[in-house]
Amino acid sequence: MSEIAYIEYNYIGEIAGLILAGLILCAMVYTKPKNTYVYKYIFGGMILSVIAILIHISILVVANNPDEYFNNEVFLGQLLCFLLVYNGVLYCIFSYVNMMSIVRRSQRKEFFVMYSILSVVYVLGVIIEIASRNFYKRDLTGIDITHFTRYYCGAGIVCAIICFNATLTNLKDVSRVIWDAVSIVVPVDAMILVAQMFCVGRFNSIFSSMTYVPVFALGYMLFHSNPYDEITGCQNAFGLDAYLTKHLGKKKLYICYITLMLPRIEKLWMEDNDLTLKGVAICRAMESISLKLKMYRVSENRYVNVLETDNENEFFRCVNSIRGVLDGAKSDLTSPFNYRIVAGEVYEEINNLLKCRQYFEYVARRFRDQNSSYFYITIPRDYDDFLEEFEISGALEDIRNKLDFEDERILVYAQPIYNVETGSFRVAEALTRLKIGNKIINPDKFIPIAEDTGTIHAITCIVLDKVCKAIDSFVEFYDFDAISINISSKEISHHNINSEIFDILDKYDFDLSKLRFEITESAMFDSYNQANENMTSLTRAGIQFYLDDFGTGYSSLERVMDCPVRTIKFDKTLLYKSLDDDRMDDILRYMIEVFKKNGFNTVIEGVEDESQNQYSVERGFDYIQGYHYAKPEPIEEVKKYFTRITKF
Ligand code: C2E
Ligand code: CA
Ligand code: CA
């Protein structure tokens, strides 16, 4: 038997690469990932990969059957096309790996120049190879493309080495995941390329697409894919972000913001409960309302449905169907659950993601304490209210981030408090205002926002410092007992609030009894132990506490007696009610008596006119605070109510 050197390339590896590339490309188109700076390299690279593989397969088909398909010019054209597209693929990998490092992004011009030079070398190499006529050898039994294959694999290895080196020299600027991926994938790739160079001559098998398709697939999976939730089949918050980033301000959208007060679906799942199926059925039913309705699960129990339409009626139809699904589920399920739906148009002005998210969260928050199901369609007024809150929360966050004790946006006012016995003013309460532009915002508006956004503590620190500064400037020249500041109930139970307070107090050397704190009942009862501990150590340092807004909470007199406070500030509503209602008057009378008997001082707030003043004096309050005596003024002004110390 004579040996025939019959060439038949096996390109199963390329077919596999083609299938993989096709699948990933479909996933990329379907999941609509966020269009980030580097995503275009992955997406473009994947398209080029598909083209490269198709050309490569066509080359192999011709190489395997030269007698049927061979035409010298066309074949040469195929080879050149492949080499160019392959160069494009390498460019995408190269750029992707490098641009993942922010530092490299700033040097992208240099990179482009460097890559262009490499490309020129590469193309020149091809021309020389072709001119020297050893690029491929044609035979009746097939075309030997060993040389061609080794040529481009060589280019691939050069690219791999450069990528590896670029990452290595840039190690401190790339994330660990990039380094891990590069340090595994690049050597593996280089090995496959070497194997390809070897195998093409020995076993006639071609699998070079396995060196680039997985690279893009990996990049996509790690950084750009938006996974779907396995149980509900919803995309996650990143998917929603990607969608909104792309469409906000360009298309008319409606959003339906749903909060389900249902046990977690995952939890039900573990309990293998029939409820799970019903919970999931809610998602299925919502999804099937309209093909245009996109459903996202943005947190444990929050779902966002987005509808893209110009037709308002379609929106109403959809939200009503959603409501119907939830009402149906409610009556169907044995365990109780509630939902809150806030739905509405995404106004044109809502042109960025943050604003959009915060707007719906803002409206939804209004109903968070609701104990029943709630369905609400937003109105334009909501957006105006939101804008105001958005402005306030933005300013508060900025204040917190800068934490400048001199911040001029925090204005400290103070209101003197009248001492009934002496007929003079010896104490005052500091009250904060927020200044944004020319507007002065009252604490009733911004304090709750500060508490919600976690900026309250910064505000307290700044106010504390400003009040200390004022006290420091008064002590030498004015005779007064103290200035009090309001501490939010959320703060006093925080474990390291004291050390932060003392950090500020340490800067001043006036007697700490000149400073007092006002806290509300809720501070005492939410997490009693920690709050009590904090208050005790502050009291030991000389700072007295007032119990503020007494009469608005639900606490019993007995519990209040246990608080480490010396002074009780009765809320103004208690005064107004007592003036109207004899039974309330009796209760007030009794409470004052009990407090006095137990050694507490009593203050009444909100005294606006002479009749209220008269009443307060008769009932025996020790101190009176209200517009009747003075309104809050900038804190520097409050000294005029105190007596000046005369020096001899
Ligand atoms: P509050 O502690 O009960 O303060 C008394 C409020 O009553 C002040 O409102 C004061 O201006 C107002 N007021 C005084 N006299 C009268 C009067 O005769 N009639 C009426 N109707 N009101 C009177 P303001 O300054 O708007 O403060 C509102 C609330 O905001 C304060 O209530 C306090 O709880 C809170 N707050 C103010 N500043 C701060 C702060 O720096 N930190 C914290 N956490 N809360 C603050
Ligand atoms: Ca107060
Ligand atoms: Ca009060």
Side-chain angles (χ1 to χ4, degrees), residues 392 395-396 399-400 402-419 424-447 450 455-488 491 500-501 503-519 538 542-546 548-549 567 569 572 603 605-607 623-645:
I392 294 175
L396 290 171
I399 291 171
R400 177 196 55 198
K402 296 200 171 111
L403 199 63
D404 171 11
F405 286 161
E406 312 281 317
D407 203 312
E408 284 173 3
R409 288 169 291 184
I410 298 287
L411 305 180
V412 179
Y413 280 38
Q415 185 180 30
I417 299 173
Y418 181 72
N419 181 326
S424 61
F425 299 99
R426 300 189 54 83
V427 284
E429 174 181 12
L431 294 158
T432 308
R433 310 282 178 260
L434 178 68
K435 189 169 180 230
I436 304 182
N438 293 325
K439 279 184 293 186
I440 293 200
I441 295 155
N442 276 333
D444 286 333
K445 195 153 240 162
F446 75 83
I447 294 289
T455 48
I456 184 72
H457 183 54
I459 307 299
T460 305
C461 290
I462 295 173
V463 171
L464 177 65
D465 192 70
K466 291 195 174 195
V467 171
C468 286
K469 213 171 264 158
I471 295 177
D472 206 34
S473 71
F474 296 167
V475 273
E476 228 184 297
F477 309 103
Y478 295 90
D479 183 23
F480 68 104
D481 288 340
I483 296 180
S484 58
I485 76 169
N486 291 282
I487 303 281
S488 161
E491 284 177 279
E500 290 177 25
I501 289 178
D503 281 347
I504 296 172
L505 297 180
D506 283 347
K507 298 197 290 180
Y508 300 91
D509 43 39
F510 56 80
D511 184 353
L512 286 187
S513 66
K514 288 269 182 268
L515 181 70
R516 292 179 188 166
F517 288 155
E518 302 193 6
I519 50 143
L538 288 166
I543 298 174
Q544 277 189 36
F545 279 85
Y546 295 165
D548 202 358
D549 297 345
T567 305
K569 292 186 83 172
K572 49 184 165 279
V603 186
E605 292 182 314
V607 172
Y623 296 91
I624 300 176
Q625 179 177 359
Y627 300 158
H628 180 63
Y629 289 99
K631 288 202 166 176
E633 291 172 64
I635 192 162
E636 307 77 54
E637 305 291 320
V638 83
K639 58 179 185 253
K640 68 182 179 221
Y641 295 96
F642 303 147
T643 332
R644 233 191 127 90
I645 296 173

Separation between CD1 (Ile485) and CD1 (Ile543), nearest 0.5 Å, reads 8.5 Å
Name all residues meeting the ring-ring contact (aromatic ring centres under 6.0 Å, His included) criterion together with Phe446; count only those two or more places apart in sequence or in a different chain, and write none if there are none.
-> none
cation_pi(Lys631, Tyr627) dist<6.0 Å, angle<=45 = yes
Centres of the Phe480 and Phe642 rings: under 6.0 Å?
-> yes
Can you name the closest pair of heavy atoms from Ala470 and Ser473 and give their distance?
-> O-OG, 2.8 Å
From CA spacing to verdict: side-chain contact (heavy atoms from CB on, under 4.5 Å), Lys435, Glu408 | CA-CA 8 Å; Lys435 189 169 180 230; Glu408 284 173 3; over 6 Å; no
The reported gap from OH in Tyr623 to CZ in Phe425 (rounded to nearest 0.5 angstrom) is 13.0 Å
No-hydrogen, no-angle side-chain donor-acceptor test under 3.5 Å, Ser513 and Gln544 = no
Determine the minimum heavy-atom distance between Ile645 and Glu476, stating which atoms define it.
-> CD1-O, 3.6 Å
So, are Lys640 and Glu633 salt-bridged, with charged N and O less than 4.0 Å apart?
-> yes
Check the pair Leu538 / Leu512 against side-chain contact (heavy atoms from CB on, under 4.5 Å), numbers first and verdict last.
-> CA-CA 9 Å; Leu538 288 166; Leu512 286 187; over 6 Å; no
Which atom of Lys445 lies closest to which atom of Ile392, heavy atoms considered | CG-CD1, 4.0 Å
Rounding to 0.5 Å, atoms CG (Asp465) and OG1 (Thr460) come to a distance of 12.5 Å
Tell me, with the steps shown, if Glu636 and Lys469 meet salt bridge (Lys or Arg N to Asp or Glu O under 4.0 Å).
-> CA-CA 10 Å; Glu636 307 77 54; Lys469 213 171 264 158; over 6 Å; no
Can you label the angle between the Tyr629 ring and the Tyr418 ring as parallel, tilted or perpendicular, going by 30° and 60°?
-> parallel
In terms of heavy-atom contacts, Asn486 and Ala430 come closest through ND2-O, 3.3 Å
When the ring planes of Tyr508 and Phe510 are compared, do they come out parallel, tilted or perpendicular, using 30° and 60° as the limits?
-> tilted
Residue pair Leu515, Leu464: steps toward the side-chain contact (heavy atoms from CB on, under 4.5 Å) verdict = CA-CA 9 Å; Leu515 181 70; Leu464 177 65; 3.7 Å; yes
Gap between atom CD1 of Ile462 and atom NE2 of His457 - 0.5 Å precision = 10.5 Å
Tyr641 versus Ala630, closest heavy-atom pair with distance | OH-CB, 3.5 Å
Pairing residues for Arg433 by the salt bridge (charged side-chain N to carboxylate O under 4.0 Å, His left out) criterion, not counting sequence neighbours = none
Minimum-distance pair of heavy atoms, taken over all atoms of Lys507 and Phe405 = NZ-CD1, 3.4 Å
Going through the checks in order, is the side-chain contact (heavy atoms from CB on, under 4.5 Å) test met by Leu434 and Ile440?
-> CA-CA 6 Å; Leu434 178 68; Ile440 293 200; over 6 Å; no
In chain order, what residues pass the side chain to side chain contact (heavy atoms under 4.5 Å, CB included) check against Asp481, with sequence neighbours excluded?
-> Arg426, Val427, Arg516
Pair Asp407 + Arg409: basic N to acidic O under 4.0 Å = yes
Going by atom types only, do Ser484 and Glu518 share a side-chain donor-acceptor pair under 3.5 Å?
-> yes
Are Arg644 and Asp479 ion-paired here, with the side-chain N under 4.0 Å from a carboxylate O?
-> no
Does Lys569 pair with Glu605 as a salt bridge, N-O distance under 4.0 Å?
-> yes
